[in-house]
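Before any comments, here is the structure.
Chain A is the first sequence line, chain B the second, and so forth, proteins listed ahead of strands; every chain is numbered from 1. Keep in mind that what you see is a predicted model, and the values were worked out from it rather than measured.
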Number of protein chains: 2
Amino acid sequence: MALEHAILVSLLERPGSGYELSRRFERSIGYFWTATHQQIYRVLKRMESDGWIDVREVPQQARPDKKEYSVAARGRAALSEWLHEPIEPESVRHDLAVKIRGAAFDDPSALIREVERHHRAHSDRLAHYLAGERRDFTGPDAPAAPDAGQQLQHVVLRGGIAYERMTLDWLDDVLATLRRLGTAPPSADPAP
Amino acid sequence: MALEHAILVSLLERPGSGYELSRRFERSIGYFWTATHQQIYRVLKRMESDGWIDVREVPQQARPDKKEYSVAARGRAALSEWLHEPIEPESVRHDLAVKIRGAAFDDPSALIREVERHHRAHSDRLAHYLAGERRDFTGPDAPAAPDAGQQLQHVVLRGGIAYERMTLDWLDDVLATLRRLGTAPPSADPAP
DNA sequence: CTTGTTTATGCAACGAGTTGCATAGAAGGA
DNA sequence: TCCTTCTATGCAACTCGTTGCATAAACAAG
């Protein structure tokens, strides 16, 4: 399980409340690890009772109080231990690929709109990543001499950018294939 | 949930037993959807009681009997329905990315071996995909006029190949970054 | 003849992750 | 004034997925 560790990394980069963490999981660290606020609150509670993180009640004006979490020594140790143990290269779960293979037993051209929708979503994500890269790493306001943390964040973001670009190219390939099948007569037997 | 649908697609491509399905999920359809045999047997049972699939007891010599499943009309309908409803573009879960960002708070050069291991694993996978592509689609024994099903399987496989190539390039980038940080003094504060 | 491997199926328990719902104060708009 | 949105936290129930274990027949190796 890596949600604990993702939270540790995020809290080391900057302490924050469960709510703030759930916002970060909608961007930044959320680009490669998703979590809902429910999960985050539950895990935070466990991490606190395990002594991985410390809590500080922060009264606020004009909004509800919050609990600000920060990483304790035991949490740092747990992260370090995890960093040193090997993990399995992750396997992908791509339901769109299942749909594409399934289209052989249905109408392939009916999938075109769906694939176009995915294309737009990935295109938006790419634009979003590129804007973030310009803002934090390559733009005029970016640090001239980035520290280790910034360089590592940047290389992870470059991974996200590469992923989206690859995906967009592939979706173009998928669209071309589906359109080719749409103009030719279907050879796989459709539903009886 | 898409495991049901992945199983439907696989059974439409060729009927088979739970055991055979679990083998297919180690290759082919397993390239983009993973499942253990436990999960498969449980879901098959549910699908059967829902009338999505039919069973046929097949006695075998020299090995235990098996239950061969094939897709029933209701299963075909369920697949068709699923194909026509939109799905969310999937979000990635990349624990290696969490580790890389976490390395800022540990020793970045300690991650090099781990990243190299992932590089080898993805390199093996790419070779495996390319061999499959040559065997089934681009080699001399491949069909000269592939049908819709084969063309769709091929475009999915091309996606896998593109993913592995992109990942290998990115891992090279990661390794270069980690090595650069290893030779320079660390600027993020390490564990106290 | 025992041990290990392959085919083949399954239960039980747990942990991870999702969905629906609930609460509550303050701000801002219709 | 009411309705919605934002911040902030949480419970309960459920589904999904993993891990460990168990069974059983046949074959191959030692």
Side-chain angles (χ1 to χ4, degrees), chain A residues 1-8 10-11 15-27 29-30 32-50 53 55-69 82 87-88 90-95 98, chain B residues 1-7 10-11 15-27 29-30 32-50 53 55-69 82 87-95 98:
Chain A
M1 213 282 239
L3 179 55
E4 276 100 330
H5 304 108
I7 289 176
L8 285 174
S10 193
L11 288 180
S17 69
Y19 186 79
E20 284 163 351
L21 279 169
S22 74
R23 312 280 331 254
R24 290 183 210 171
F25 275 85
E26 284 164 14
R27 19 171 216 88
I29 200 142
F32 44 86
W33 202 269
T34 57
T36 62
H37 75 276
Q38 307 295 351
Q39 235 183 306
I40 291 167
Y41 283 122
R42 209 190 312 156
V43 171
L44 279 174
K45 205 153 262 190
R46 186 171 65 231
M47 291 169 77
E48 194 205 329
S49 76
D50 289 349
I53 51 180
V55 207
R56 198 169 56 95
E57 289 267 350
V58 178
Q60 297 184 114
Q61 75 286 27
R63 61 188 58 178
D65 297 353
K66 66 175 180 177
K67 298 180 184 170
E68 194 180 78
Y69 293 94
W82 177 70
I87 49 172
E88 281 306 297
E90 56 290 310
S91 27
V92 196
R93 284 240 163 151
H94 219 302
D95 18 19
V98 179
Chain B
M1 214 283 239
L3 179 54
E4 277 100 330
H5 305 108
I7 288 176
S10 193
L11 288 180
S17 69
Y19 186 78
E20 283 163 352
L21 280 169
S22 74
R23 312 279 332 252
R24 289 183 211 171
F25 275 85
E26 284 165 13
R27 19 171 215 88
I29 201 143
F32 43 86
W33 201 270
T34 56
T36 61
H37 77 276
Q38 306 294 352
Q39 235 183 307
I40 290 168
Y41 283 122
R42 210 191 311 157
V43 172
L44 279 174
K45 205 153 262 190
R46 185 171 65 230
M47 290 169 77
E48 194 205 330
S49 76
D50 288 350
I53 51 179
V55 206
R56 197 169 58 95
E57 289 268 349
V58 178
Q60 297 184 115
Q61 75 284 27
R63 59 189 60 179
D65 297 355
K66 64 175 180 178
K67 299 180 183 170
E68 195 180 78
Y69 293 94
W82 177 70
I87 49 172
E88 281 305 297
E90 57 291 310
S91 26
V92 196
R93 286 243 163 146
H94 219 305
D95 18 19
V98 178

Does the side chain of [Y] come within less than 4.5 Å of [X]'s, by heavy atoms?
X: Arg93(A); Y: Glu90(B); value: no
X: Ile40(B); Y: Tyr19(B); value: no
X: Leu21(B); Y: Leu11(B); value: yes
X: Leu8(A); Y: Met47(A); value: yes
X: Val55(A); Y: Glu57(A); value: no

Can you tell me the distance, in whole Å, between the [atom1] atom of [X] and the [atom2] atom of [N]?
X: Arg56(B); N: dT9(C); atom1: CZ; atom2: P; result: 13 Å
X: Asp65(B); N: dT6(C); atom1: CG; atom2: C1'; result: 16 Å
X: Asp95(B); N: dA16(C); atom1: CG; atom2: P; result: 13 Å
X: Lys66(A); N: dG25(C); atom1: NZ; atom2: C1'; result: 16 Å

Identify whether the distance between the nearest side-chain nitrogen and carboxylate oxygen of Lys66(B) and Glu20(B) falls below 4.0 Å.
yes

Is the phosphate of [N] approached by [X] (side-chain N or O, under 4.0 Å from OP1 or OP2)?
X: Tyr41(B); N: dT9(C); answer: yes
X: Arg42(A); N: dG15(C); answer: no
X: Arg23(B); N: dT7(C); answer: yes
X: Gln39(A); N: dG17(C); answer: yes

Hey, what do you get for CD (Gln38(A)) to OG (Ser22(A)), rounding to the nearest 0.5 Å?
9.5 Å

Tell me, please, the opening and closing nucleotides of DNA chain D, 5' to 3', among those with an atom under 4.0 angstrom from a non-hydrogen atom of chain B.
dC16(D) to dC27(D)

What's Ser17(B) touching, base or sugar-phosphate or nothing? Going by heavy atoms closer than 4.0 Å.
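Answer is sugar-phosphate: Ser17(B) comes under 4.0 Å of backbone atoms only.
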
If each of Gln38(B) and Gln60(B) is mapped to the nucleotide of DNA chain C with the nearest heavy atom, which maps nearer the 5' terminus, i.e. the 5' end?
Gln60(B)

Given that Arg93(B) and Pro64(A) both sit by DNA chain C, which one's nearest nucleotide is further toward the 5' end?
Arg93(B)

